Amino acid sequence: MNEGQPETRDFIRQIIADDLAGGRHAVIITRFPPEPNGYLHVGHAKSICLNFGVAAETGGRCYLRLDDTNPLKEDQAFVDAIIDSVRWLGFDWGGGLTHASDYFPRIHECAGDLIRAGKAYVDSLSPEQMREFRGTLTAPGRESPHRSRSVAENLDLFARMRAGEFADGEHVLRAKIDMASPNINLRDPVLYRIRRATHQRTGDAWCIYPMYDFAHTISDAIEGITHSLCTLEFEDHRPLYEWFLDNLQLPARPRQIEFSRLNLAFTITSKRRLAELIDLGLVAGWDDPRMPTIAGMRRRGYPPEALRDFVSRTGVTKKEHLIQMSLLENCVREDLNVRGARAMAVINPLKVVLTNYPEGQVEMLPAANHPDRPELGERQLPFGRELWIEQDDFMEVAPNKFFRLKPGGEVRLRYGYIIRCVDLVKDEVGRVIEVHCTYDADTRSGLAGAERKVKGTIHWVSAAHAVRAEVRLYDRLFGVARPDGAEADFKTFLNPESLRVAPHAVLEPSLATAEPGTVLQFERLGYFVADRVDHRPTRPVFNRVVTLRDSWAKLEEAAR
RNA sequence: UGGGGCGUAGCCAAGUGGUAAGGCAGCGGGUUUUGAUCCCGCCAUCCGUAGGUUCGAAUCCUACCGCCCCAGCCA
């Protein structure tokens, strides 16, 4: 699946290679620890590829760990979606599917150990008071009046917290570290809070839940994680991570290493904001093909291989960055160019009548399914007197560089004949609604006459055989590179044209039977996938994955 | 004004004291019954800035500048 070693390794892989070479570890163990409070997105894809990738490359192991320490926000449906996404992306955790909640008993014991060692205490400040006592970025905090409670009192209080004797928020367990630390994470961080909520896995077994830093460090150690890879915002938490490792009796000492998260231009990767789009009905759901979620990209038709390639091309560093969409699109096109069978479809049809073609006659024209892969075979395209062509492929008044159909001009119909435009039919307002052409019978593909050169070749569908379809044309979700900048609400930057449905699209007949999820190239238009949810043979639905590169469009743009 | 990070091309990114890889984008050309693909060529006298060390610096030192993160009983 992964071809050879990259020539240069990122800094994390260098550290790991050194640790292996230096004998510090015999086996590398990593983990991907998402919180099941939403769907995974392209940013997670990077972490997945890194963690599972490193494990696979070194013959190690990677756990898929659901970090379920906050029952208020989490849901089994998200757990299922996460599992589905990771598997679809192409990774396997063997038996290593775990949950932070698996370790609740052990984490609870660790809390007791800390209390007995005089390194944790039950605090009874209100949240507001606690914030006040914490100090600011520049001013040290103050110690809580409850900081000096005796071990016995702390043990008693903590036991009663666990027993459900107190209301939510009445007490918390805190580590006793340093209220004057310049690192705010070390100013007696909360370890446990009371939350009378039913947990999706442990039910009502607990009414106290551990906080992220505490649960995460212990979970890592229990699983024997050697390298705990996370994003930059946790850099400040590393001293706390190490404090837990120093002050608890744990079976392993993982090393936390931070890398910068993957930011993609023209989109957002904030679960909160993605959820907002869904709640407001601005997109159809977590798997809407415009969403940067793994599920959305899957439905959009991005192959997992392309996503993995994309992630690997963006690298792993500590630099903040904003990756251009063109890189992702390039990876998708590169993969689909090889994978996708070719077919013909017309999105905005314009009628062409071949005035010298026998009425009622139908020919079957052979067409290759892939220009570079003969093993994919060919199909027979029905051809007749009336055809649909793309509106964009005809211009009544055309510039010199326009190589398609124009009055008096010739063009080749792909896999068919050369035709010449001889007449136009217009409606009341002067729009061309029909183009009359003559065809040159000697120029059918395969015949000697087909050698004749014409400037352009266009795609078409036989009107008598056309299958009507819904074709969904997707574009970037946002109109600006950084929708989550501070200038305005991100929703004001939504691209109103992110989804356009072509009302009259027609397909060559073979397309109706495409399996949902199949990606094809509609020649000259782009790559399209049969929607994995809505596509039916009786009502085909295709999503545009990405357009083809279009140097004509570029010329047009430059002319404007 | 505290602490933690980061600055190599339009966007990513190698580089670890010996004279700036690669990819994407862009530009020019060739092939082509997809204006696609494919192929060829071009694209940093310079590494945030200014000094310094050195025969030699993107790599070492000093100062400065810029950007990001941290004050949830979220993760």
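First the proteins, then the strands, lettered A, B, ... as listed; each starts at 1. Since the model is a prediction, treat every value here as computed from it, not as a measurement. Atoms considered below: every heavy atom in the structure, side chains included; atoms not considered: hydrogens, waters and symmetry mates.
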Would you mind classifying the nucleic acid contact of [X] as base, sugar-phosphate or nothing, using non-hydrogen atoms under 4.0 angstrom?
X	answer
E329(A)	nothing
Y209(A)	nothing
K554(A)	sugar-phosphate
V190(A)	sugar-phosphate
M211(A)	sugar-phosphate
F402(A)	base
A450(A)	base
H459(A)	nothing
S260(A)	nothing
L262(A)	nothing
F234(A)	base
P239(A)	nothing
R412(A)	base

With [atom1] as the reference atom in both, quote the distance from [N] to [M] in angstrom, rounded to an integer.
N	M	atom1	value
A36(B)	C24(B)	P	16 Å
U16(B)	U31(B)	P	42 Å
A58(B)	U49(B)	C1'	14 Å
G23(B)	A44(B)	C1'	16 Å
C43(B)	G7(B)	P	27 Å
U37(B)	A57(B)	P	43 Å
C12(B)	C6(B)	C1'	15 Å
U8(B)	U45(B)	C1'	15 Å

In terms of the angle between their ring planes, are [X] and [Y] parallel, tilted or perpendicular, with boundaries placed at 30° and 60°?
X	Y	value
H216(A)	Y241(A)	tilted
Y417(A)	F383(A)	tilted
H41(A)	H44(A)	tilted

| Donor-acceptor pair (no angle test) under 3.5 Å: R404(A) side chain, G35(B) base |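 Under the 3.5 Å cut-off, the side chain and the base do form a donor-acceptor pair.
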| said: Between the base of U34(B) and the side chain of R342(A), is one N or O donor paired with an acceptor at under 3.5 angstrom? | reply: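 Side chain to base: pair present.
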Contacts of [X] that satisfy side-chain hydrogen bond (donor to acceptor under 3.5 Å, both in side chains) - sequence neighbours left out:
X	value
E557(A)	none
R524(A)	D393(A), H459(A)
E276(A)	R272(A), K491(A)
K554(A)	none

From [options], nucleotide with atom closest to [X] side chain:
X	options	answer
N330(A)	C24(B), G35(B), G2(B)	C24(B)
L137(A)	G35(B), G2(B), U33(B)	G2(B)
D550(A)	U37(B), G35(B), C27(B)	G35(B)
R414(A)	C73(B), U33(B), G35(B)	U33(B)
P182(A)	G15(B), C73(B), G3(B)	G3(B)
R524(A)	U33(B), C74(B), G35(B)	G35(B)
D372(A)	U37(B), G2(B), C74(B)	U37(B)

| With syn defined as a glycosidic torsion within 90 degrees of 0 and anti otherwise, which applies to G10(B)? |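 Here G10(B) takes the anti form, which means its glycosidic angle is more than 90° from 0.
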Tell me whether the OP1 or OP2 atom of [N] has a side-chain N or O from [X] closer than 4.0 Å.
X	N	answer
R187(A)	G3(B)	no
Q14(A)	G15(B)	yes
R193(A)	A75(B)	yes
R549(A)	A25(B)	yes
R195(A)	C74(B)	yes

| request: Could you tell me whether R149(A) and D123(A) make a salt bridge, using a distance below 4.0 angstrom between a side-chain N and a carboxylate O? | output: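 A salt bridge is absent here (no side-chain N lies under 4.0 Å from a carboxylate O).
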| Working for side-chain hydrogen bond (donor to acceptor under 3.5 Å, both in side chains), residues R482(A) and N263(A) | CA-CA 9 Å; R482(A) 293 179 181 275; N263(A) 298 308; over 6 Å; no
| message | Under the criterion side-chain hydrogen bond (donor to acceptor under 3.5 Å, both in side chains), I'd like the reasoning laid out for Q521(A) against E523(A): C-alpha separation, chi angles, the key distance, then a yes or no. | response | CA-CA 6 Å; Q521(A) 183 192 113; E523(A) 294 209 41; over 6 Å; no
| Qualifying ring-ring contact (aromatic ring centres under 6.0 Å, His included) pairs, either residue in residues 320-350 of chain A, two or more places apart |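 Applying ring-ring contact (aromatic ring centres under 6.0 Å, His included) to every pair that reaches into residues 320-350 of chain A, excluding sequence neighbours, yields nothing.
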| query | Which sits closer to the 5' end of RNA chain B, Y527(A) or D68(A), going by the nucleotide each is nearest to? | reply |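 Of the two residues, Y527(A) wins.
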| request: Could you pick out which residue, L447(A) or T69(A), lies toward the 5' side of RNA chain B when each is mapped onto its nearest nucleotide? | output: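 Nearest nucleotide further toward 5': that of L447(A).
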| task | Any chance you could list the contact pattern along nucleotides 4-12 of chain B? Use B for base contacts, S for sugar-phosphate-only contacts and - for none, protein heavy atoms under 4.0 Å, 5' to 3'. | result | SSSSB-BSS
| With R373(A) via salt bridge (charged side-chain N to carboxylate O under 4.0 Å, His left out) - residues at least two apart |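 Applying salt bridge (charged side-chain N to carboxylate O under 4.0 Å, His left out) to R373(A) gives E375(A).
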| task | List in chain and number order the residues that pass salt bridge (charged side-chain N to carboxylate O under 4.0 Å, His left out) with R147(A), two or more places apart in sequence or in another chain; answer none if no residue qualifies. | result |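 Partners of R147(A) by the salt bridge (charged side-chain N to carboxylate O under 4.0 Å, His left out) criterion, ordered by chain and then number, come out as E143(A), D188(A).
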| said: Between the base of A75(B) and the ring of Y212(A) - centre-to-centre under 5.5 Å, planes within under 30° - is that a stack? | reply: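 One would not call Y212(A) stacked on the A75(B) base.
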Only pairs with both distances under 3.5 Å count, Watson-Crick or wobble alike; so what is the partner of [N] in this structure?
N	value
A44(B)	none
A75(B)	none
U62(B)	A50(B)

| So do the side chains of L548(A) and Y527(A) get within less than 4.5 Å of each other, counting heavy atoms only? |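 Side chain of L548(A) against side chain of Y527(A), heavy atoms only: contact under 4.5 Å found.
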Contacts under 3.5 Å, N or O only, protein and nucleotides 28-32 of chain B:
none

